[in-house]
Each structure stands twice: as structure tokens, then as C-alpha cells.
A.B. asks: 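Here it is, the structure in full.
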Amino acid sequence: MNQSQESVSGENYSLFDALRDRRSRRFGLGMKNEGGALAHKSRFAPKPLSEKEEAALVFAACGITGYALADLCYAPGAGGNIMAGLVGRTIGSGDAIHSVALAVTNDESTWLLKRPRDFSPVELQELIQKSRSNEFTEIYQRSRVLLKPQRAAPPVTPLVNISTNQWSAQAAGTTNFVPINDLSLLYINGLLNVLDESNGAFILDERAGFRPAGLGRFARSKGGHLEDDPKRGRVVTTKHVELMVAEFVSIEQGMMLQNLALMTEALGLGGFPYFANHETGWFEALGFRMQTMPVSQYFGVNRFARVAFKILQKDLSISIPLALEKNGHPLLKPFCPPYFPTMRAAVEAVVNLKFGSGGAFDGKTGIASWKDPAKISGKVPKISEAAFEAAVAYCEYLWARYGRFPVHVAPFRTVVSFQAAHLDGEFYDKFYREEALSAAQREDFEKTRRAEKL
């Protein structure tokens with residue numbers, strides 16, 4: 001190991017050991033479980049994770065590691081142009097978009113980790129080199145943006161959280177890792193693919209009596225390229241499409257959580273995933289800009305129903321997370337107004353991420369695994385005019401009717417978060433068999449006991 005490399009505890013820990021030892025372990029130093037069969041109060045003070053430990057966990061969750069291979073078929077109509085990025089992280093990502101952002105919060109600060117598209121090509125190459133020399137702390141320092149100089153945390157009361165987690169969630173000394181699912185970019189990018197001539201999907205709006213969702217003029221029955229005959233198996237609903245997007249992004253989040261769990265094992269720490277599936281809880285705590293709209297608009301009801309809502313005083317307001325900003329600069333923004341003037345402009349921006357200057361298929365930045373990026377990129381088929389216009393029509397229809405995008409889910413979602421901490425070995429020795437803690441976790445606890453001379 002050369003001098004530029006950073007030694008991390010557990011770096012030689014076997015993956016097989018991590019898989020065998022992986023468990024949810026909640027009882028950290030300084031915690032107390034009041035009442036019941038496992039009642040216990042720690043004799044130790046809370047012990048925050050070190051910056052080095054947090055850096056290793058962050059790298060496991062979302063570290064930038066190199067270039068996506070993008071080994072697809074780039075023949076016309078074969079779908080290779082669905083790629084919207086060519087950078088790889090420690091987790092897989094649909095179309096290399098890296099839809100999941102990560103917030104990290106502890107007793108002293110709250111940070112947002114930048115995603116690959118938030119860096120310049122030069123910065124990306126530097127981060128990739130540092131990942132190869134294990135400079136995880138420097139990567140962590142260069143990749144984070146300070147959101148708050150203290151812990152950000154929603155209430156742990158139901159149903160912002162659930163009663164199961166009230167005693168342990170966000171306890172002193174813990175670090176919480178909050179994946180934030182960003183849906184709008186992957187949504188539009190997928191539309192450009194499924195609404196092309198090869199896939200020919202036709203989308204109906206079930207909230208509007210299953211009428212075509214802005215796509216009527218593109219129907220094959222009217223001379224267009226989208227297959228509107230249900231017998232052909234290509235007719236879907238808006239809700240179905242949006243659930244696919246949300247579930248697809250959640251898979252990426254799941255990989256992030258698994259990597260966090262495995263890294264806690266390697267470091268001799270404890271950790272567990274826990275409930276974060278509240279529409280606004282974490283977003284309000286992190287300082288997101290919220291969008292408020294009446295229920296009638298949220299569901300896109302007709303004007304007669306809107307009048308009835310108001311007369312009955314049932315037209316309550318609903319808040320959804322719109323964007324995360326710092327000093328007026330958007331750190332996380334959706335591909336829709338007000339961050340783009342129109343939905344057409346938002347779709348154009350997605351196309352530019354693929355084929356514009358500095359885009360995935362620019363071929364000039366060197367952000368690719370290919371030996372000759374310019375040669376390969378120059379042969380990647382562009383988005384067809386028919387697919388582009390269909391995507392625009394669909395997005396504009398949703399925005400005009402519902403005033404938001406997506407319409408069945410918010411543009412940002414939290415589902416599950418992860419909490420890491422130094423474990424209190426006395427709790428586990430009191431109630432569990434010896435194998436409840438790994439050798440690495442026992443070693444970590446012994447360091448604390450020796451330091452406090454207990």
C-alpha cells in the first residue's frame with residue numbers, strides 16, 4: 001500500500017464473512033431500551049462514527065468507481081440509446097442515470113452526496129482515480145454539500161415513523177443514511193424508449209375514464225406509430241408506468257442499503273434499515289422546497305367535482321417535495337416546471353443529457369470504457385422525432401391536467417433509511433448467544449471499553 005492509500009478497518013474482511021454475519025443490530029452505545037423482555041440501559045456514552053468510518057460507508061453506498069460498460073446493441077431500433085450516463089457507482093442503476101441521491105446526518109451535521117451528473121468530467125476522473133487508491137475520506141469530503149450544521153431528523157412518532165423504531169431511531173451517536181429516490185429523469189428517459197417505433201406503447205389515463213394520455217394522435221388506428229389495440233399487449237395505464245418507475249428506482253436504493261449493511265459488518269459496526277416511507281417527513285427535515293396543491297387538483301377531478309369539494313370544504317391541501325435548494329441553487333430538482341419552463345423543455349433537457357455537449361454520447365469527454373468513444377458515440381441512433389413528440393405530448397397532457405409530474409407519486413420519495421452505530425456488546429452478551437456479534441464487532445466494543453476503562 002503506497003502512502004496515498006488510506007487504511008480502512010475491515011478492508012480485508014471477506015465478502016463471504018460479511019454475507020454470513022449480516023444482521024440488523026440496533027442497540028448502540030448510550031442507548032436504552034425501556035421495558036419488556038430486552039430492557040437494558042447502556043453504561044457507556046454515545047460514540048459517534050468517525051469521519052473515516054462514515055466515508056467508507058458512503059463509498060459503499062454510492063461511491064463513483066469507474067465507467068459503465070454500456071454493452072448494449074446500438075443498431076437502429078435495438079434500444080441502446082436508452083443510456084443516459086456512462087459512469088459507474090458501487091451500485092447498479094437503470095440507464096446509468098443514478099437516480100438515488102444520499103443524505104447523511106449525524107449529531108453535528110447533515111450532508112447531501114453529489115451524484116455523477118453533478119460533477120464535471122475532470123472531477124469524475126479525479127474521483128475515479130482516488131477510489132482506486134482507497135482515498136475514501138477525501139472522496140467523501142469532495143462529494144458532499146452541507147445542508148445543516150446539525151442533525152436533520154423527522155419525528156419518530158407514528159406515522160412519520162412507526163412505533164417499532166421509536167426507541168432507537170436517530171439516537172445520539174448514530175449516523176443515518178437516507179436514500180432519496182429521484183423519479184422524473186428516469187421516467188422521461190424511459191418514455192423516450194417505450195414510446196418509440198420499436199416498442200410502440202400506448203398509455204391511458206385511468207383517472208380520466210381511460211382516455212389516451214395525450215397520445216391519441218399517435219395511435220396506430222389513426223395512422224401513428226403507437227399500438228393502441230389492447231390485444232397486442234402494449235396498452236398500459238399511467239399508474240402502471242409510474243409504479244414501474246418507482247419500483248425500478250427502489251431496486252437501486254435496495255442495493256445501496258445492502259452495501260451499507262455489508263460495510264457495517266466489515267467495519268465492526270452495527271446497523272439496520274428502518275422505515276422512511278412518509279410522503280413529507282424526511283423532506284421537511286432536510287429542508288426541501290415543498291409544493292402545495294388542493295386535493296381536487298392532485299386527483300385531476302373535473303370542474304363540477306372541484307366545486308363540490310369546495311362547497312363541502314373537502315378540498316384540503318396536500319404537500320409534496322418539489323426540490324432541494326441551497327442559496328437559491330437547486331441540488332436536486334425534478335424535470336418539470338418551475339425548473340424547466342415547459343414539459344417540452346424538460347424532455348429536451350433529457351435528450352441533451354444523452355446527445356448534447358458533454359452528454360453520454362458526446363464522445364469527446366472520455367467518460368466511457370470504450371477504446372474509441374467518439375467512433376462508437378457517432379454511430380448511436382438519435383431519438384426519433386416520433387418518439388420525442390410522443391413523449392412531449394404525454395408529459396404536457398399530465399402537466400396540464402394535474403399540475404405536477406409524476407402524477408401518482410411525488411418526484412422525490414424516501415422508502416427506507418439506514419442507521420449505523422457502535423454497538424454495546426454488554427447488551428448482546430446479556431440476552432444473546434455468543435455468535436450474535438462478529439469478531440470485528442467485539443473488537444470494536446473492546447476498544448470502547450478499554451478507552452472508558454469499564
Side-chain angles (χ1 to χ4, degrees), residues 7-61 104-108 151 153 156 161-178 257-276 416-454:
S7 178
V8 179
S9 174
E11 64 183 0
N12 296 318
Y13 192 68
S14 164
L15 174 60
F16 287 107
D17 287 336
L19 291 169
R20 277 189 291 264
D21 292 340
R22 190 221 59 79
R23 297 290 187 277
S24 289
R25 296 180 179 88
R26 296 170 172 81
F27 202 99
L29 297 170
M31 287 188 182
K32 58 182 178 179
N33 187 343
E34 296 181 299
L38 297 181
H40 185 78
K41 182 178 180 179
S42 175
R43 297 191 298 147
F44 301 90
K47 180 182 177 181
L49 270 60
S50 68
E51 185 179 46
K52 184 182 291 186
E53 288 167 332
E54 284 189 353
L57 286 160
V58 165
F59 182 78
V104 179
T105 185
N106 56 38
D107 293 333
E108 297 182 348
R151 183 184 292 274
V156 295
N161 214 294
I162 55 177
S163 59
T164 307
N165 300 318
Q166 284 184 272
W167 71 274
S168 59
Q170 304 154 26
T174 64
T175 297
N176 289 263
F177 302 84
V178 188
L257 294 168
Q258 176 73 345
N259 280 9
L260 283 165
L262 296 177
M263 183 58 78
T264 60
E265 298 296 336
L267 296 175
L269 302 173
F272 67 101
Y274 72 101
F275 183 89
V416 181
S417 58
F418 190 91
Q419 179 168 295
H422 292 277
L423 293 173
D424 186 335
E426 290 185 348
F427 169 81
Y428 292 93
D429 286 341
K430 180 178 179 181
F431 293 109
Y432 292 87
R433 292 191 289 266
E434 184 177 356
E435 64 268 22
L437 296 184
S438 70
Q441 288 154 349
R442 292 194 176 279
E443 180 182 352
D444 183 77
F445 174 61
E446 286 303 320
K447 290 178 182 177
T448 299
R449 182 146 54 186
R450 289 195 298 269
E452 296 197 15
K453 298 180 181 180
L454 291 174

A.B. asks: Can you tell me how far the CG atom of L257 sits from the CG atom of L262, to the nearest 0.5 Å?
C.D. replies: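 Here the interatomic distance stands at 11.0 Å.
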A.B. asks: Flag the pair L423 / D444 as yes when at least one side-chain heavy-atom distance between them is below 4.5 Å, and no otherwise.
C.D. replies: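 Contact flag for L423/D444 side chains = no.
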A.B. asks: Using a 4.5 Å cut-off on heavy atoms from C-beta on, say whether the side chain of N165 contacts that of V156.
C.D. replies: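 A side-chain contact under 4.5 Å is absent here.
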A.B. asks: How about T164 and F275: do any of their side-chain heavy atoms sit closer than 4.5 Å?
C.D. replies: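 They are not in contact (no side-chain heavy atoms under 4.5 Å apart), so the answer is no.
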A.B. asks: Any salt bridge (Lys or Arg N to Asp or Glu O under 4.0 Å) involving residues 29-40? Give me the pairs, sequence neighbours left out, ordered by first then second residue.
C.D. replies: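 Every pair satisfying salt bridge (Lys or Arg N to Asp or Glu O under 4.0 Å) with a residue in residues 29-40: K32-E34.
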A.B. asks: Do you know which of L269, D107, V104 makes side-chain contact (heavy atoms from CB on, under 4.5 Å) with T175?
C.D. replies: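 Only one of L269, D107, V104 forms a side-chain contact (heavy atoms from CB on, under 4.5 Å) with T175, namely V104.
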A.B. asks: Indicate yes or no: at least one non-hydrogen side-chain atom of R151 is less than 4.5 angstrom from one of T174.
C.D. replies: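 Sidechains of T174 and R151: in contact.
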A.B. asks: So, taking the atom named CG in L49 and the one named CG in L267, what distance separates them when rounded to the nearest 0.5 Å?
C.D. replies: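 L49 atom CG to L267 atom CG measures 8.0 Å (nearest 0.5 Å).
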A.B. asks: Taking all non-hydrogen atoms of both residues into account, name the closest pair between M31 and A171 and its distance.
C.D. replies: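 Looking at all heavy atoms of both residues, the shortest contact is CE-CB, 3.8 Å.
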A.B. asks: Inspect the surroundings of CD in E434 and state if more than 12 heavy atoms from other residues, nucleotides or ligands are less than 6.0 Å away.
C.D. replies: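 It does not: E434 CD has 12 such atoms or fewer within range.
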A.B. asks: Taking only distance into account, with no hydrogens and no angle test, what donor-acceptor pairs under 3.5 Å do side-chain atoms of residues 18-29 form with protein atoms, sequence neighbours excluded?
C.D. replies:
{"from": "R20", "atom 1": "NH2", "to": "D17", "atom 2": "OD1", "distance (Å)": "2.8"}
{"from": "D21", "atom 1": "OD2", "to": "Y13", "atom 2": "OH", "distance (Å)": "2.4"}
{"from": "R23", "atom 1": "NH1", "to": "R20", "atom 2": "O", "distance (Å)": "3.1"}
{"from": "R25", "atom 1": "NE", "to": "A436", "atom 2": "O", "distance (Å)": "2.8"}
{"from": "R25", "atom 1": "NE", "to": "Q441", "atom 2": "OE1", "distance (Å)": "3.4"}
{"from": "R25", "atom 1": "NH1", "to": "D21", "atom 2": "O", "distance (Å)": "3.2"}
{"from": "R25", "atom 1": "NH1", "to": "E265", "atom 2": "OE1", "distance (Å)": "3.3"}
{"from": "R25", "atom 1": "NH1", "to": "E265", "atom 2": "OE2", "distance (Å)": "2.7"}
{"from": "R25", "atom 1": "NH2", "to": "D21", "atom 2": "O", "distance (Å)": "3.1"}
{"from": "R25", "atom 1": "NH2", "to": "A436", "atom 2": "O", "distance (Å)": "3.0"}

A.B. asks: Does the distance from a Lys or Arg side-chain N to an Asp or Glu carboxylate O, for D424 and K430, drop under 4.0 Å?
C.D. replies: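 Looking at K430 together with D424, the answer is no, because their closest N to O distance does not fall below 4.0 Å.
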A.B. asks: Do F272 and Q419 touch side chain to side chain, with heavy atoms closer than 4.5 Å?
C.D. replies: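 Yes, at least one pair of side-chain atoms sits under 4.5 Å.
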A.B. asks: Is there a donor-acceptor contact under 3.5 Å linking the side chains of N176 and Y274?
C.D. replies: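 Result is yes, a qualifying pair exists.
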A.B. asks: Using the ring centroid of each side chain, check whether F427 and F44 are separated by less than 6.0 Å.
C.D. replies: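 Ring centroids of F427 and F44 are no less than 6.0 Å from each other.
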A.B. asks: Where do A276 and S417 come nearest, in terms of heavy atoms and distance?
C.D. replies: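 Smallest interatomic distance, heavy atoms only, reads CB-N, 3.7 Å.
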A.B. asks: Determine whether D429 and R442 make a side-chain contact, defined as any pair of heavy atoms from C-beta on separated by less than 4.5 Å.
C.D. replies: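 Side chain of D429 against side chain of R442, heavy atoms only: contact under 4.5 Å found.
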A.B. asks: For the backbone of S42 and the side chain of E426, can you confirm whether one donor and one acceptor N or O come within less than 3.5 Å of each other?
C.D. replies: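 No; judged by distance alone, with no hydrogens or angles, the pair does not exist.
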